[in-house]
There are 2 protein chains.
Amino acid sequence: MQITSYTDYALRVLLYLAMTPNRQANITEISDFFNISRNHLVKIVHQLGSKGFVKTTRGKGGGLSLQRPPEMINIGELVRSMENHFNWVECFDPTQQNCRLLPACGLKQLLARAGDAYLQMLDAATLADVALGTTPVEVAQSEAPATAHSECNQNQSLTTETQENNL
Amino acid sequence: MQITSYTDYALRVLLYLAMTPNRQANITEISDFFNISRNHLVKIVHQLGSKGFVKTTRGKGGGLSLQRPPEMINIGELVRSMENHFNWVECFDPTQQNCRLLPACGLKQLLARAGDAYLQMLDAATLADVALGTTPVEVAQSEAPATAHSECNQNQSLTTETQENNL
DNA sequence: TTATAAGTTGTATTGTTAATATATCTTTAA
DNA sequence: TTAAAGATATATTAACAATACAACTTATAA
């Protein structure tokens with residue numbers, strides 16, 4: 001189970017822009033930074049623009065920047081905008097109602113509730129929260145195992161000179 | 001964003017078995033009922049057997065049945081067993097640590113928490129909760145659309161009996 | 001003891017769609 | 001008026017879920 005890289009990259013673009021607040025970034029620069037397809041990114045940026053997350057400026061000297069401050073960009077809103085469906089199982093799709101259990105099955109409601117729980121957790125965080133490396137645990141939920149999933153990513157010896165830290 | 005049909009079908013198999021508690025069902029019968037690939041179902045049933053959800057009996061007169069009563073089969077446990085990963089974004093995969101934001105990015109923790117919220121919701125339900133006690137025969141005969149499932153997951157209304165029965 | 005009905009296992013193929021690539025636009029500041 | 005930037009449309013590739021095929025093992029009824 002996963003989010004599409006489309007949404008993943010959209011998130012990265014916003015994070016990148018949040019780190020360069022005082023100038024226009026451009027697509028080539030961002031695709032180079034993340035080492036991902038520029039062509040793919042073009043579409044993502046376009047959608048980010050049409051959904052009101054970034055401001056794009058054509059022409060020489062143009063580029064892109066956040067359309068709102070990071071505190072006003074909600075992660076849940078972003079994910080809902082970029083993922084093109086949340087059909088957890090077949091019967092969520094109005095065009096695919098083939099399951100013979102349909103009328104009497106309680107599964108759909110359960111999965112819908114679970115999906116909502118997922119998105120509501122994302123609704124509790126803004127771009128500012130994730131860019132700073134802190135998530136609003138106190139807002140979202142207090143149980144917070146917090147870093148029970150730490151086994152894999154913590155290494156990663158940060159190439160240090162990485163990005164231009166919010167010059 | 002979706003669950004694989006592999007997991008979807010596993011759920012359906014368990015629901016079917018919950019509806020036929022007094023006899024051995026078999027794979028052909030189930031694949032016919034749902035009109036899905038028997039060969040695909042074979043693998044699913046095998047995994048359901050090896051994970052302890054169903055009891056399979058070879059040989060003439062054999063078949064499959066639930067290994068535990070429906071009240072003891074947890075939906076979250078099932079989904080965790082059948083989905084082969086929960087790598088919400090690239091950096092969850094230990095073999096794909098390519099994102100240059102990794103060390104300072106709070107996104108992973110947020111998504112992990114959201115994923116946990118999703119699964120915890122499923123952990124709160126058993127097979128008995130989602131199977132409404134209708135027999136496959138009755139379901140087959142009704143066949144009418146009449147689903148009353150509004151097509152999107154917005155409906156919610158959280159039937160309040162979210163029941164985390166025992167376990 | 002044998003024929004058959006069942007699940008088991010491994011591999012190959014297909015289909016879908018996300019991801020990527022190519023090409024040609026339009027816009028705009030210098 | 002040119003170069004740099006995003007916009008748009010279409011085509012191709014690649015990954016992988018889904019499906020199909022084939023041969024196996026096991027168990028039991030006759």
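So you know, we letter chains A, B, ... as the sequences are listed, proteins then strands, and number each from 1.
Scored by the side chain to side chain donor-acceptor pair (under 3.5 Å) test, Q67(A) finds no partners at all (sequence neighbours excluded). With sequence neighbours excluded, the residues that form a side chain to side chain donor-acceptor pair (under 3.5 Å) with D123(A) are R80(A). Applying the side-chain contact (heavy atoms from CB on, under 4.5 Å) criterion to R58(A), with sequence neighbours excluded, gives no partner residue. When the ring-ring contact (aromatic ring centres under 6.0 Å, His included) test is applied to F53(A), no partner is found at least two apart in sequence or on another chain. For D8(A), the side chain to side chain donor-acceptor pair (under 3.5 Å) partners two or more places apart in sequence, or in a different chain, are R12(A). Among residues two or more places apart in sequence or in another chain, the side-chain contact (heavy atoms from CB on, under 4.5 Å) test is passed with E83(A) by I3(A), T4(A), T7(A), V79(A), F86(A), M1(B).
We find that CG of N26(A) is positioned 16 Å from C1' of dT27(C), with the value rounded to whole Å. Computed from coordinates, the E29(B) CD to dA6(C) P distance equals 10 Å when rounded to whole Å. Taking atom CD1 of I44(A) as the reference point, atom P of dT20(C) lies 8 Å away to the nearest angstrom. As rounded to whole Å, 18 Å separates atom P of dA18(C) from atom CD of E90(B). When rounded to the nearest whole Å, the span between CZ of R38(A) and P of dA4(D) equals 13 Å. The separation between E83(B) atom CD and dA17(D) atom P is 9 Å, rounded to whole Å. Rounded to a whole Å, the NE2 atom of H85(A) is 14 Å from the P atom of dT16(C). Atom P of nucleotide dT9(C) and atom CD1 of I27(B) are separated by 12 Å, given to the nearest angstrom.
Nearest-nucleotide positions on DNA chain D for L64(A) and H40(B) put L64(A) closer to the 5' end. Sequence order on DNA chain C of the closest nucleotides to V45(B) and I36(A) puts V45(B) first from the 5' end.
Within the nucleic acid shown, H46(A) comes within 4.0 Å of sugar-phosphate atoms alone, with no base atom in reach, counting heavy atoms only. Base contact: V42(A) has a heavy atom under 4.0 Å from a base atom. When heavy atoms are screened at a 4.0 angstrom cut-off, G63(B) is found touching the sugar-phosphate backbone but no base atom.
Side chain of Q97(A) to main chain of D93(A): a donor-acceptor pair is present (N/O by atom type, distance under 3.5 Å, no hydrogens or angles). Under the 3.5 Å distance criterion, the side-chain polar atoms of N87(A) are left unmatched by any main-chain donor or acceptor of E90(A). Between the K55(A) side chain and the L66(A) main chain, no donor and acceptor come within less than 3.5 Å of each other.
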Notebook entry, point to check: For every nucleotide of nucleotides 22-30 of chain D, 5' to 3': is a protein heavy atom under 4.0 Å from its base (B), only from its sugar-phosphate (S), or from neither (-)?
Noted result: ---BBBSS-
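Listed nucleotides dA18(C), dT8(C), dT19(D) differ in distance to Y9(B); the shortest reach to its side chain belongs to dT19(D).
The side chain of S5(B) places an N or O atom within less than 4.0 Å of a non-bridging phosphate oxygen (OP1 or OP2) of dA18(D). Side-chain N/O atoms of S37(B) include one lying less than 4.0 angstrom from OP1 or OP2 on dA20(D). Proximity of T56(B) to the phosphate of dT8(C): a side-chain N or O atom is located under 4.0 Å from OP1 or OP2. Between T4(B) and dA17(D) there is no side-chain N or O to OP1 or OP2 distance below 4.0 Å.
Residue pairs meeting the side chain to side chain donor-acceptor pair (under 3.5 Å) criterion with at least one member in residues 35-49 of chain B, sequence neighbours excluded: Y6(B)-Q47(B), T28(B)-R38(B).
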Kindly give the atom pairs (protein nitrogen or oxygen, nucleotide nitrogen or oxygen) under 3.5 Å for nucleotides 11-15 of chain C.
residue : atom : partner : partner atom : Å
dT11(C) : O4   : K43(B)  : NZ           : 2.8

